[in-house]
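Because only heavy atoms are used, hydrogens play no part in the values below, and waters and symmetry mates are left out as well, while side chains stay in.
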Amino acid sequence: MATPTRQFWRLSILSSTLLFFIVTIAVHANIPSVAIAAAASTTTKPTELVSDVCNRTSNYTFCVSALYADPRTPTTDAYGLAFVAFGMAYLNASATQDLITKLLKKSANETRQFRHLETCRLDYKKAISALEMAYGDLNSETFFELAELAGNASAAAKDCQAAFKDAPHRPLTARNLGLRGLCEICAVISKLFTGGF
Ligand SMILES: *[C@@H]1O[C@H](CO)[C@@H](O)[C@H](O)[C@H]1NC(C)=O
Ligand SMILES: *[C@@H]1O[C@H](CO)[C@@H](O)[C@H](O)[C@H]1NC(C)=O
Ligand SMILES: *[C@@H]1O[C@H](CO)[C@@H](O)[C@H](O)[C@H]1NC(C)=O
Ligand SMILES: *[C@@H]1O[C@H](CO)[C@@H](O)[C@H](O)[C@H]1NC(C)=O
Ligand SMILES: *[C@@H]1O[C@H](CO)[C@@H](O)[C@H](O)[C@H]1NC(C)=O
């Protein structure tokens, strides 16, 4: 019968072998960078840039995990991080806009729910146009209005949420909070270029 120590070593050898195979398979299958980055994001220490940025937002955890959802984040500079954040906010807002279109189709056109959703449709239109403008600014290295544009997109999400103030069913709460969180990150990063950080 094996002693506990020996069993322990057998177990560790077994698990490191397993880990080795998983990593090897992952690397060869080329699925991995994203999967490994995602797994790493929960365990690795964020870069100094990311922790500096996220420390200036209202929710450090949200900020780090949002930024680390993009595989470029661990190796990027401030300029690259701005593309990550604004791109993410843009995709997020676009996904919500698609959802609003679906919800509008499902609700009868005269109901209160329909009117609230219609308000949100216009809000998200504004948010998306602000984020598109920001993306254009970034591409041309024009930084002065980035923070304002992020603020405008965030205000649009807030306005959408306010439309449901007295409604029993608020289908966009998580989306609105998510976009506002992403816009807050964008605003903080914008200040890296214009001072006031
Ligand atoms: C976060 O900010 C606080 C106050 O500005 C500072 O004391 C702290 O060291 C910062 N933490 C990190 C990880 O940057
Ligand atoms: C911060 O974000 C995390 C992850 O998204 C969330 O679980 C948590 O509730 C948020 N905290 C606050 C105070 O909003
Ligand atoms: C609402 O729906 C009805 C029936 O589907 C349609 O006749 C009417 O034109 C619609 N009203 C608006 C404002 O779209
Ligand atoms: C942001 O919103 C404010 C208030 O609605 C508006 O005056 C301003 O022009 C907007 N900024 C940009 C750059 O579109
Ligand atoms: C948008 O952001 C929310 C909050 O972070 C997240 O749960 C959701 O998956 C994001 N959606 C997209 C399409 O990025």
Looking only at non-hydrogen atoms, find the nearest pair between P171 and Q113 and report the distance.
CG-NE2, 3.6 Å
Contact check, side chains of T57 and F62, non-hydrogen atoms, under 4.5 Å:
no
With a 4.5 Å limit on heavy-atom distance, are the side chains of I100 and D98 in contact?
no
Enumerate the side chain to side chain donor-acceptor pair (under 3.5 Å) contacts for residues 71-88, please, sequence neighbours excluded, ordered by first and then second residue.
D70-R72
State, with a plain yes or no, whether a side-chain heavy atom of H116 is found less than 4.5 Å away from one of R170.
no
OG1 (T111) and CG (L117) are apart, to the nearest 0.5 Å, by 7.5 Å
In terms of side-chain geometry, is the basic nitrogen of E118 or R121 positioned less than 4.0 Å from the acidic oxygen of its partner?
yes
Mind checking the CZ-CG spacing from F143 to D137? Nearest 0.5 Å is all I need.
9.0 Å
In this structure, is the centre-to-centre distance between the rings of Y135 and F83 below 6.0 Å?
yes
Just by distance, do the side chain of S140 and the backbone of G136 share a donor-acceptor pair under 3.5 Å?
yes
Counting N and O atoms only, with roles assigned by atom type, does the side chain of T101 sit under 3.5 Å from a partner on the main chain of Q97, one being a donor and the other an acceptor?
yes
Note: I189 and A78 closest approach over all heavy atoms is CG2-O, 4.1 Å
Less than 4.5 Å apart, any side-chain heavy atom of F86 and any of L146?
yes
When rounded to the nearest 0.5 angstrom, what is the spacing between SG in C160 and CZ in R180?
11.0 Å
Given 3.5 Å as the limit, does a donor-acceptor pair link the side chain of N176 with the main chain of L172, or not?
yes
Taking every non-hydrogen atom, the tightest pair across R175 and N92:
O-OD1, 4.5 Å
What heavy-atom pair brings R112 and P168 nearest, and what distance separates the two atoms?
NH2-CD, 4.1 Å
So do the side chains of Y124 and L179 get within less than 4.5 Å of each other, counting heavy atoms only?
yes
Could you check whether D52 pairs with R56 (Lys NZ or Arg NE/NH1/NH2 to Asp/Glu carboxylate O, under 4.0 Å)?
yes
Hey, could you give me the CG/SG distance between N55 and C63, rounded to the nearest 0.5 Å?
9.5 Å
Considering non-hydrogen atoms only, spot the tightest contact between L182 and A89 and give its length.
CD1-CA, 4.0 Å
Between E184 and S154, does any side-chain donor sit less than 3.5 Å from a side-chain acceptor?
no
Report yes if the side chains of P46 and Y60 come closer than 4.5 Å at any heavy-atom pair, otherwise no.
yes
Would you say N152 and L131 make side-chain contact, with heavy atoms under 4.5 Å?
no
If you define the side chain from C-beta out and look only at heavy atoms, does anything of C54 sit under 4.5 Å from L67?
yes
Does Y68 belong to the same Ile/Leu/Val/Met/Phe/Trp/Tyr cluster as V53, with side-chain heavy atoms less than 4.5 Å apart forming each link?
yes
